[in-house]
Amino acid sequence: QVRLAESGGGLVQAGGSLRLSCAASRRTFSGNAMGWFRQAPGKERDFVAGIRWSGGSTYYTDSVKGRFTISRDNAKDTVYLQMNSLKPEDTAVYYCAAKLGGYVGTDVNQYDYWGQGTQVTVSS
C-alpha cells in the first residue's frame with residue numbers, strides 16, 4: 001500500500017520555525033529518494049529539498065539554503081523538513097514525495113508518489 005502523510009504545518013510568525021514530518025509506508029519509502037515540494041496559490045509546485053535513500057546527500061533550492069534542513073529516519077520510514085527563519089514568501093502548501101530509485105530529482109514529474117500536503121502560513 002502506498003502512503004505518504006504529512007504533518008506539522010501551521011501558522012507561524014516571520015522568523016519562527018516549523019518541523020514538517022512525512023510518514024510513509026515501507027513500500028513507498030524503502031530504497032527511494034524523498035523530496036519536499038511547495039505550491040503557493042496561483043503558482044506551480046516547486047522543489048524545496050530532497051534526500052537520497054542513503055541520507056548521505058541532500059539538495060535544496062537556493063531560497064531555502066541555510067534555513068531548511070531535510071533529514072530521514074529509515075527505521076521509522078519518515079522524512080522531515082526543519083524550517084527555520086521562516087519568511088512570508090515561504091507560505092505554501094508543502095508536499096512530501098517519493099521517487100523510485102535512490103537519486104534525488106528536482107522536477108515534479110520525476111516523483112512517483114505524493115502526499116496530500118500540509119499548509120504552512122508565515123505571517124509578517
Side-chain angles (χ1 to χ4, degrees):
Q1 182 179 358
V2 174
R3 180 180 66 87
L4 289 172
E6 303 96 337
S7 62
L11 173 64
V12 64
Q13 288 187 334
S17 298
L18 284 174
R19 188 194 196 202
L20 305 183
S21 299
C22 174
S25 58
R26 174 52 60 97
R27 172 187 171 186
T28 312
F29 196 81
S30 181
N32 297 329
M34 300 296 294
W36 285 97
F37 288 74
R38 65 187 179 187
Q39 187 167 20
K43 295 188 176 181
E44 295 184 347
R45 191 171 299 187
D46 293 326
F47 175 80
V48 176
I51 187 167
R52 288 184 58 178
W53 157 246
S54 65
S57 297
T58 57
Y59 304 84
Y60 300 92
T61 192
D62 286 345
S63 63
V64 307
K65 286 180 180 177
R67 300 189 298 123
F68 291 11
T69 302
I70 188 171
S71 61
R72 66 190 293 162
D73 185 337
N74 289 348
K76 296 182 178 179
D77 296 332
T78 302
V79 63
Y80 305 97
L81 185 67
Q82 178 66 44
M83 306 186 295
N84 298 328
S85 302
L86 282 160
K87 304 175 181 180
E89 51 263 44
D90 295 318
T91 295
V93 177
Y94 283 70
Y95 296 90
C96 172
K99 176 182 174 292
L100 296 178
Y103 294 93
V104 172
T106 60
D107 190 296
V108 293
N109 295 314
Q110 294 176 292
Y111 285 76
D112 301 280
Y113 304 113
W114 292 85
Q116 294 299 307
T118 185
Q119 176 70 47
V120 171
T121 303
V122 184
S123 62
S124 57

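Note on Val93 and Val48: separate hydrophobic clusters, where clusters join Ile, Leu, Val, Met, Phe, Trp and Tyr whose side-chain heavy atoms are under 4.5 Å apart, directly or indirectly. Each of Tyr111 and Trp53 belongs to its own hydrophobic cluster when Ile, Leu, Val, Met, Phe, Trp and Tyr are linked at side-chain heavy-atom distances under 4.5 angstrom. The hydrophobic clustering, which links ILVMFWY residues whose side-chain heavy atoms are closer than 4.5 Å, places Leu4 and Leu81 together. A single hydrophobic cluster is not seen to contain both Phe37 and Val120; linkage of ILVMFWY side chains at heavy-atom distances under 4.5 Å, directly or through other members, places them apart. If you chain together hydrophobic residues whose side chains sit under 4.5 Å apart, Leu86 and Tyr60 fall into the same group.
A donor-acceptor pair is defined here as one N or O able to donate and one able to accept, closer than 3.5 Å; no such pair exists between the side chain of Arg72 and the backbone of Ala33. The backbone N or O of Ser57 lies less than 3.5 Å from no partner atom in the side chain of Arg52, so there is not a single donor-acceptor pair.
Taking OG of Ser54 as the start and CG of Asn74 as the end, the distance is 8.5 Å to the nearest 0.5 Å. Within the model, atoms OG1 of Thr118 and CD of Gln116 stand 11.5 Å from one another, a figure rounded to the nearest 0.5 Å. Here the NZ-OG distance, from Lys87 to Ser63, works out to 7.5 Å after rounding to the nearest 0.5 Å.
You'll find the ring centres of Phe47 and Tyr59 outside the 6.0 Å limit.
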| Given the rule in the side chain to side chain contact (heavy atoms under 4.5 Å, CB included) test, do Val108 and Trp114 qualify, once you have shown the distances and angles that lead to the verdict? | CA-CA 10 Å; Val108 293; Trp114 292 85; 4.0 Å; yes
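Nearest heavy-atom pair across Lys76 and Thr78 is O-OG1, 2.9 Å. Considering all non-hydrogen atoms of both residues, Ser124 and Pro88 come closest at CB-CG, 3.9 Å.
The closest side-chain heavy-atom distance from Trp36 to Val79 is below 4.5 Å. For the pair Thr91 and Gln119, the minimum side-chain heavy-atom distance is below 4.5 Å. At a threshold of 4.5 Å between non-hydrogen side-chain atoms, the residues Glu6 and Leu20 do not count as touching.
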Give every donor-acceptor pair under 3.5 Å between a side-chain atom in residues 94-105 and any protein atom, sequence neighbours left out.
unit_1, atom_1, unit_2, atom_2, d
Tyr94, OH, Arg38, NH1, 2.9
Tyr94, OH, Asp90, O, 2.6
Lys99, NZ, Tyr103, O, 2.8

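Of the residues listed (Ile51, Ile70, Asp73), the one engaging Tyr80 in a side-chain contact (heavy atoms from CB on, under 4.5 Å) is Asp73, and it is the only one.
Remark: Arg19 pairs with no residue by the salt bridge (charged side-chain N to carboxylate O under 4.0 Å, His left out) rule, at least two apart or across chains. Applying the salt bridge (charged side-chain N to carboxylate O under 4.0 Å, His left out) criterion to Lys65, with sequence neighbours excluded, gives Asp62.
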